[in-house]
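Written out below as structure tokens is the structure these notes cover.
Each chain gets a letter, A, B and so on, in the order the sequences are listed, and its residues count up from 1.
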Amino acid sequence: MSTTRRHPYPFSVFEPKWQQHWDRTQTFHTPNPGDPGFDPARPKYYVLDMFPYPSGSGLHVGHPEGYTATDIIGRYKRMCGFNVLHPMGWDAFGLPAEQYAIKTGQHPAVTTAQNVAHFKGQLQRLGFAYDWQREVNTTDPGYFRWTQWIFLQLYNAWFNPASNRAEAIGTYRGTDPDGVRLAYVSEAPVNWCQALGTVLANEEVIDGKSEVGGHPVERRPMLQWKLRITAYAQRLIDELDGLDWPEGIKLLQKNWIGRSEGAEVHYSTADATERITVFTTRPDTLYGATYIVLAPEHAIVDRLVTEEQWPAVRGYREKTARKSDLDRTELAKDKSGVWTGAFALNPVNGERIPIWIADYVLPGYGTGAIMAVPAHDERDWEFARKFGLPIREVVSPAPTLGFGGGRVCEAEPLECFTGEGYAIHSGPLDGLPTEAAKADITARLEAQGLGSKTVNYKLRDWLFSRQRYWGEPFPIVWEDGKHRALSETELPLTPPELADFKPTGTGEPPLAKATDWLRYSDKAVRETNTMPQWAGSCWYYLRYCDSQNAARFVGADAEGYWMGGGKPGGVDLYVGGTEHAVLHLLYARFWHKVLFDLGHVSTPEPFQRLINQGLILGEDGQKMSKSRGNVVNPDDVISEYGADALRGYLMFMGPLEATKPWSMTGVEGIARFLARVWRLVMEEQQEGTWAHGAVSAEAAPDKAQLRVIHASIKKVTADIETLSFNTALSQLMVFTNAFVNVTPRPLSAVRTLLTLLHPFAPHLTEELWESLAQRFGGAGELADAPWPQWDEQFLIEDELEIVLQVNGKVRDKIIVPKDATREAVEALARGSARIAEWTAGKDIKKVIVVPGRLVNLVVA
RNA sequence: GCCGGUGUGGUGAAAUGGCAGACACAACGGACUUAAAAUCCGUUGGCGCGAAAGCGCCGUGCGGGUUCGAGUCCCGCCACCGGCACCA
């Protein structure tokens, strides 16, 4: 006798058995069009997980949550007759591997390979139906050669505003193609993180700290590669509309892109030597502008400042430059600024207004200059109050308030009003509602060449270079201070072998230390920056379609088949966490659109349907973390309860999208359920072995049992389609419970149960299916079995229970034949003695009969 | 501050505007057992009445409203979680 606790069913025997079987027979390998075994008659279904970063700590329970959901869908669709593409791979470049490598001295390639092996083993122990022949790894030269190739597509393309799409750079007719490429270099202030020794994208900086590690980030001007994602801002907003994504995620992206409509207005300086263009979303308040504010970094400042103001301006600019983004926002409440000594003229009334600089105006947004309307903007209000600048009311909340007639109001308002209303003290605009006033003034400005209607976006171009070792090198060389692309035949460009790959800390990339590698020719040297981790994940879903293709990033037929079909096409279901809402999901859409414009892919959007799985909290209801000690390791759960129990519990916890706490007793509950299913088929012998139990091929389900069977098929099918796995499982429990005490158990019912349960608990059901086949005959694996159909006729009940209400409160229940007429049901209701007690001596004013459900008598 | 999400038993949760709490967990009681584990059966929102079968009242964050009927729809709040945040 073993001293370890006996398992309620022998999962430790049959789970590895089936995993090995699936691997050996390649059950879940999906052929491409043209491959042997491909069946073009079947529809396709592409179900995708966000591939993991293979960290050293192994799988977290959050991973198998989403992966189980997609596995259920994949297995289900397969049983429904689809060609299912369900792949997995590794997002293996990136900072953590490199940080770890620096700490331990081991090469990141070594630790990455170890981590991948560990992750893969863990995933395989969960019995996921991945087609491992399609596995990808972003650090594999056979993979990143195509990442580099796509970079070259970006480099060799520009966005033509006339056609609203990317075109080959050769179609650009201007003088400086380098100024319009989708991948370009620019010297600009960027997010520099000293601790990580690299620059970071805006999306990777959270509250002024690096997303990885939480190190401080400062602004520093550096020469960097950027991708012109801003060219796609409008399409990235517009084309969200057709996607079946959670509205919250769409909104997150829209807000991040941050479109705002308004006008640019040109002010000339009082001495008429310079022109300042401001951006405003409220051109209707132009008559209320009482000063101009420039970002301290604005180039024009040098030319405006008066002699007397120079020291103050210089001091303020230096102070601003030293501030990190964090400081700059933390001091948000306390406005600061300095007068330049110069004045501008308001284009509509010629009024002389002072020009200030202040750090509440950001250099990167709009024109880096604003017209301040303190009466109608909170920030301008605070600034004007602090520095005693005039405040002029030009919008009235109601049409009857305020003075019209174009007169200037002398009295300053008591509070700031930022809403919409009616223009006052605004010359020709007086009386117009805000929307009309905006249109009117904008048209006037345009007619006089003083301004124009403009759209601005918060989105900035994507900072694409990193000063790190563990990433894709750029396929670029420099000669005479100019960059040019490597040819496609020179790919992949592999990183140099480096003993010391630590960041230099100076902003010079570690690749610069590889002197041999660096030298491309006598005159040319290689680019030493590397690409960010997002590069590989921007297109991995395309590589899965054709991962072994050595001649192209993805074969056209494979891409057309798996990504095509439907409108707007793409991956049929994509499951992952919310944390990528404005990172991976935005970047990947951008790359996909470029590839689409250039004719390399067939759909404008990559991911048709997106679901975010919810966060799993620790048993204490807190976020799982090592420091709290509430982390659940999937391996431990599997060894104690089995993979099927872990999968089942993850799906039974609650709705997939909800945040929910872990519960070990909940896992036990699912394990008990699975054990009950096991014992429907198997019986324990004296000596502790399992043998067939009381299942009978002769026994036919009775009417009530048929109803349970068919109701379950219907509900489980519908619930899987809507990803309501928790309620699908509860129906399977109802199904199971209905047969626990039935002997002998009808074989057909048991087989239907196993089929419906199979996507959730593939090992257990496959084992029992095989066992039943050995006893009763039957061929084939459950994984290949067709999904059952339900028959409505079994769902119809002969008699229905009708609730009788008086004034909406339940007072009695009656049983009526299923075909009882409305009148007959009403008569029965009126005849009920219990109802009579409640209606006695009262008028029945109204009777509501809901067929098959209830009768409500309204009395007074 | 702005935007989004959530709020239902002791717990996770379920409910096309139609019997609130399915299905589980935990707890309690019982059967089996020398005993325990496992398994099986039963009870389980609160309050009140009743010996019992049962009956009544209250109950889905709070306050209003629509409706024969509201967890569900509308208006106004509150709390928690997430995102954005000097974006003109």
Taking salt bridge (charged side-chain N to carboxylate O under 4.0 Å, His left out) as the test, write out the residues that go with A:E657, two or more places apart.
none

Hey, where does RNA chain B pair up into stems, meaning at least three consecutive Watson-Crick or G-U pairs with distances under 3.5 Å?
B:1-7 with B:78-84, B:10-12 with B:23-25, B:27-31 with B:39-43, B:45-49 with B:54-58, B:61-65 with B:73-77

Enumerate the protein-to-nucleotides 11-18 of chain B contacts in which both atoms are nitrogen or oxygen and the separation is below 3.5 Å.
{"unit_1": "B:rG12", "atom_1": "O2'", "unit_2": "A:M653", "atom_2": "O", "d": "2.5"}
{"unit_1": "B:rA14", "atom_1": "OP1", "unit_2": "A:N726", "atom_2": "ND2", "d": "2.9"}
{"unit_1": "B:rG18", "atom_1": "N2", "unit_2": "A:Q805", "atom_2": "OE1", "d": "3.4"}

For B:rA24, does OP1 or OP2 lie under 4.0 Å from any side-chain N or O of A:R676?
yes

Whether A:R811 contacts B:rC55 is assessed here as follows: a side-chain N or O lying under 4.0 Å from the phosphate OP1 or OP2. Is that the case?
no

By side chain to side chain donor-acceptor pair (under 3.5 Å), A:W662 pairs with (sequence neighbours left out) none

Proximal nucleotide (of B:rC23, B:rC84, B:rC19) relative to the A:W256 side chain
B:rC84

If we take the P atom in both B:rG17 and B:rG48, what is their distance in whole Å?
36 Å

Quantified in whole Å, what is the C1' atom distance between nucleotide B:rA51 and nucleotide B:rG61?
41 Å

Residues that A:R275 engages under salt bridge (charged side-chain N to carboxylate O under 4.0 Å, His left out), provided they are two or more places apart
none

Show me the side-chain donor-acceptor pairs of residues 618-625 of chain A shorter than 3.5 Å, one per line, residues at least two apart or across chains.
{"unit_1": "A:E619", "atom_1": "OE2", "unit_2": "A:M664", "atom_2": "N", "d": "2.8"}
{"unit_1": "A:D620", "atom_1": "OD1", "unit_2": "A:Q622", "atom_2": "N", "d": "3.0"}
{"unit_1": "A:D620", "atom_1": "OD1", "unit_2": "A:N630", "atom_2": "ND2", "d": "3.0"}
{"unit_1": "A:D620", "atom_1": "OD2", "unit_2": "A:N630", "atom_2": "ND2", "d": "3.3"}
{"unit_1": "A:S625", "atom_1": "OG", "unit_2": "A:S627", "atom_2": "OG", "d": "3.3"}
{"unit_1": "A:S625", "atom_1": "OG", "unit_2": "A:R628", "atom_2": "N", "d": "3.2"}

When the ring planes of A:W356 and A:F387 are compared, do they come out parallel, tilted or perpendicular, using 30° and 60° as the limits?
tilted

